[in-house]
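These figures come from a predicted structure and were not determined experimentally. In this chain, residues are counted from 1 in sequence order.
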Amino acid sequence: MSDYHPKALPASRGATLNSLKDELYSLNMRLLLAMQYHNEDAQEDIKTQMAAVQAEISRMCLGSGLRR
């Protein structure tokens, strides 16, 4: 996996929970591939991206609870 190019796309303001879930799923699949190829740099980058997406999901979920 020598042609790995990180694609850090922060969640935009218009992101929906469904799009964030899809992005998290995609990152998970990329992480599995990076693990299979023993690419530790890619794994760290993907984990960082996953944490950012998960934080955005948590923020959106907590934010929806405040509107009730």
Say you draw a straight line from [atom1] of [X] to [atom2] of [Y]; how long is it, rounded to the nearest 0.5 Å?
X     : Y     : atom1 : atom2 : result
Arg30 : Glu23 : CZ    : CD    : 9.0 Å
Glu40 : Met35 : CD    : CE    : 10.0 Å
Asn39 : Ile46 : CG    : CD1   : 7.5 Å
Lys47 : Asn28 : NZ    : CG    : 11.5 Å
Lys21 : Thr16 : NZ    : OG1   : 10.5 Å

(request) Compute whether any side-chain donor of one residue and acceptor of the other, for Gln49 and Asp45, lie under 3.5 angstrom apart. (result)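 Yes, Asp45 and Gln49 have a side-chain donor paired with an acceptor closer than 3.5 Å.
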
(request) Determine whether Ile57 and Cys61 make a side-chain contact, defined as any pair of heavy atoms from C-beta on separated by less than 4.5 Å. (result)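 Result yes, sub-4.5 Å side-chain heavy-atom pair found.
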
(request) Identify the heavy atoms of Met50 and Leu24 that sit nearest to each other, and give their distance. (result)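 So the two residues come closest at O-CD1, 3.8 Å.
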
(request) Mark yes or no for whether Ser26, through its side chain, and Asp22, through its backbone, hold a donor-acceptor pair below 3.5 Å. (result)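 Between the backbone of Asp22 and the side chain of Ser26 there is no qualifying donor-acceptor contact (under 3.5 Å).
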
